[in-house]
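Here is the naming used below: chain letters follow the sequence lines, and residue numbers restart at 1 for every chain.
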Amino acid sequence: MAKEQLPSRSQDFSDWYNRLVLRAELADYSPVRGCMVVRPYGWALWENIQSALDQRFKATGHVNAAFPVFIPFSFMEREREHVEGFSPELAVVTIGGGEELEEPLVVRPTSETIIGHMYAKWIKSYRDLPVLINLWNSVVRWEMRTKLFLRTTEFFWQEGHTAHGTEDEARAETLQMLDVYADFAENEAAVPVIKGRKSESEKFAGAKTSYSIEAMMGDTRALQAGTSHNLGQNFARAFEIRYLDQENELQYCWTTSWGLSTRFIGAIIMVHGDDQGLIMPPRLAPYQAVIVPIFRNDDERSQVMENIASIQSQLSNLRVKLDDRDGLTPGYKFNDWELRGVPLRIELGPKDVSEGTVTLARRDQPGKKGKTVVKQEGLTDVVGDVLDDIHASIFQRAQAFLDENTHQPEDYAGFIEVVRSGWADVWWCGDSECEAEIKEETKATTRCIPLDQPSGEGTCIHCGQPASERVIFARAY
RNA sequence: CGGGGUGUAGCGCAGACCGGUAGCGCACCGCGUUUGGGACGCGGGGGUCGGCGGUUCAAGUCCGCCCACCCCGACCA
């Protein structure tokens, strides 16, 4: 059986990514341009992401609901910036049941408008507030250039939509959900992120202020991994979302929205993956451990399989896969599961049966380096500890990579050099034209203005004007 | 939409310049031997050569048009 090598990450990162997604059976291309099929292994990962996020949403008082895919075209036009931002990428339905529609229907690119319409209907009094609804759905944006998980015509996500009685409460909600995303990214996906505010030109179409968590991929490019928007009263005014306060005065609501998509799967792949394939973060991995049986004959087979049954019952609190496929050598299975990124492999052969051991192999330490032989007794605790350790170790590795590749250049010449292969953390004036010039000259854009700011002031890295904030510039996906 | 590339078995490719029985590796099916880091032998099955049209006795191959996908740019979670 020949080795089918992936292209190496350093040699061709993009090719490595595309082939890995296909080979690991996370997703496949669909017959429609720019659309993807999420295969069971990819969807299992998404389900674990959903569950980790959903628990956090519920814990912060949100409830789930479902809104329709179709939105009256005119709704999109109610908020000026929103329509300007989204009109180039709308899919529009003009025929239904063979008849030309009186009003075209937009396939939702996001649900702020229809949410606005419904909230206006539901909210009458301060007693109705806050409204804290989340949607798990898919949306369609007609992208010019697509890439599996990172940017597809249709993608799956959640969108939270909340309405509040005060500006402070809406701001607090926006920041709270940003924290939820950061907590999820770091503690579930082992992906270190920078929390920050978006620049004027990078903010969501229709938002007052947008925030994001930004992650560094293995090629040092940045990926916006989740966003939270303070919509101010923009949508409340456009859709007349109003309530009577305690003084019987009519007030506009303050609304927010926040989303995290299947794009995050792309982040997991590009942050943790190596030349052998995926490395799934243990808390989200579809399979946290895979058991590979080893035997030479039927006799050994039955002994090994019997032993495995007791191992499985010891590990019943974990997501464990038994690879009992016939006709494949253990070596083949080792490589196969490494490609698919299963964090921990448990090998069990005749030697282990007679000695009451199993052989553990950590995915974050490829090859024989990551192997240890441990007693079957007490395996539950050992496996739990190893999985925690893998989480910590891949997080630290990613954090170190982020730190090593984030630089503080002193002048623009240094800046140009830095953003070729990393992030620049610099003083910036905040001016959109200055930002556009930097993008034109270096392909780097503002990723975010970190919430965590040093004290003091400086001068803009590009135009030299006074600057009060430091900003992350990077080439982005 | 501009620039580049690719379409031949499920996947990866050769064949094309020079027209003449459609091939190779992997995967798949059967039998046997194997199995602690991508096993081996033998025997099989599988193709409107992206589509349409043209040239020719004859087209995967030459000519024209079209389509799809990928990569690089402009737009974006």
Within 45° of the six-membered ring axis of A:Phe155 and under 6.0 Å from that ring's centre, is NZ or CZ of A:Arg263 located there?
no
Does NZ or CZ of A:Arg78 fall inside the cone over A:Phe75's six-membered ring, less than 6.0 Å from its centre and within 45° of the axis?
yes
Rounded interatomic separation in angstrom, taking CZ from A:Arg19 and P from B:rC11:
13 Å
Using the P atom as the reference point in each nucleotide, state the distance between B:rC67 and B:rG51 in Å, no decimals.
15 Å
Expressed as a whole number of Å, how far does the P atom of B:rU61 sit from that of B:rU21?
14 Å
Return the nucleotide paired to B:rG47: Watson-Crick means purine N1 to pyrimidine N3 with N6-O4 or O6-N4, wobble means G-U with N1-O2 and O6-N3, both under 3.5 Å.
none
Looking only at side-chain N and O atoms, does A:Thr329 come under 4.0 Å of OP1 or OP2 in B:rG38?
no
Can you tell me the Watson-Crick or wobble partner of B:rG53, both distances under 3.5 angstrom?
B:rC63
Going by atom types alone, do A:Asp425 and A:Thr406 pair a side-chain donor with an acceptor below 3.5 Å?
no
ring-ring contact (aromatic ring centres under 6.0 Å, His included) filter on A:Tyr211, not counting sequence neighbours, yields none
Could you check whether the side chain of A:Lys368 and the base of B:rG36 have a donor-acceptor pair of N or O atoms closer than 3.5 Å, going by distance alone?
no
B:rG7 to B:rA77 separation - P atoms, rounded to the nearest Å:
35 Å
Can you check the distance between B:rA68 and B:rG32, where both ends of the measurement are the C1' atom (answer in whole Å)?
45 Å
Atom C1', compared across B:rU56 and B:rC75: separation rounded to whole Å
49 Å
Given the P atoms of B:rG15 and B:rU8, what is the spacing between them in whole Å?
14 Å
Along nucleotides 72-77 of chain B, 5' to 3', which nucleotides get a B, which get an S, and which get a -, given that the test is a protein heavy-atom distance under 4.0 Å?
SBBBBB
If every non-hydrogen atom of A:Ala27 is compared with every non-hydrogen atom of A:Leu22, which pair is closest and at what distance?
O-CD2, 3.5 Å
In whole angstroms, how far is the P atom of B:rC70 from the CG atom of A:Leu22?
10 Å
Under 4.0 Å, counting only non-hydrogen atoms across every strand here, what does A:Lys351 touch: a base, just sugar-phosphate, or nothing?
base
So does A:Arg345 reach the base of B:rG37 with its side chain, donor to acceptor, closer than 3.5 Å?
yes
Base paired to B:rG41 (Watson-Crick or G-U; both N/O distances under 3.5 angstrom):
B:rC31
Interatomic distance, A:Arg340 CZ vs B:rG38 C1' [rounded to whole Å]
13 Å
Given the P atoms of B:rC52 and B:rG44, what is the spacing between them in whole Å?
34 Å
Determine the interatomic distance between P on B:rU33 and the same-named atom on B:rC69; round to the nearest Å.
49 Å
Of the residues in residues 277-301 of chain A, which ones touch RNA chain B at a heavy-atom distance under 4.0 Å?
A:Ile294, A:Phe295, A:Arg296
Under the ring-ring contact (aromatic ring centres under 6.0 Å, His included) rule, what pairs show up with a residue in residues 276-301 of chain A, not counting sequence neighbours?
A:Tyr287-A:Trp337
Evaluate whether atom CG of A:Asp385 has more than 12 neighbouring non-hydrogen atoms of other residues, nucleotides or ligands under 6.0 angstrom away.
yes
When rounded to whole Å, the CZ to C1' distance for the pair A:Phe334 and B:rA39 reads 14 Å
Restricting to ring-ring contact (aromatic ring centres under 6.0 Å, His included), what partner residues turn up for A:Phe57, sequence neighbours left out?
A:Trp258
Of the options A:Leu322, A:Asn307, A:Ile346, A:Asp352, which is the one that meets A:Pro293 in a side-chain contact (heavy atoms from CB on, under 4.5 Å)?
A:Leu322
Whole-Å distance separating the CG atom of A:Asn307 from the P atom of B:rG36
18 Å
Between A:Leu148 (CG) and B:rC71 (C1'), how many Å, whole number?
14 Å
Do other residues, nucleotides or ligands put more than 12 heavy atoms under 6.0 Å from A:Trp43 CH2?
yes
Per the salt bridge (charged side-chain N to carboxylate O under 4.0 Å, His left out) rule, what does the pair list look like for residues 149-160 of chain A, sequence neighbours excluded?
none
Just to be sure I understand the rule, does A:Gly349 reach a base, reach only the sugar-phosphate, or reach nothing, if contact means heavy atoms closer than 4.0 Å?
base
Should we say atom CG of A:Asn297 is surrounded by more than 12 heavy atoms from elsewhere, each under 6.0 Å from it?
yes
In whole Å, I'd like the distance from the CD atom of A:Glu347 to the C1' atom of B:rG38.
14 Å
Is any side-chain N or O of A:Thr359 under 3.5 Å from a base N or O of B:rG36, one able to act as donor and the other as acceptor?
yes
Got a donor-acceptor pair under 3.5 Å from the side chain of A:Asp352 to the base of B:rG36?
yes
Using Watson-Crick geometry (N1-N3 plus N6-O4 or O6-N4) or G-U wobble (N1-O2, O6-N3), each under 3.5 Å, B:rG10 is paired with B:rC26
Counting only Watson-Crick or G-U wobble pairs whose two distances fall under 3.5 Å, which nucleotide matches B:rG2?
B:rC72
Using whole Å, report how far CG of A:Asn335 lies from P of B:rG36.
12 Å
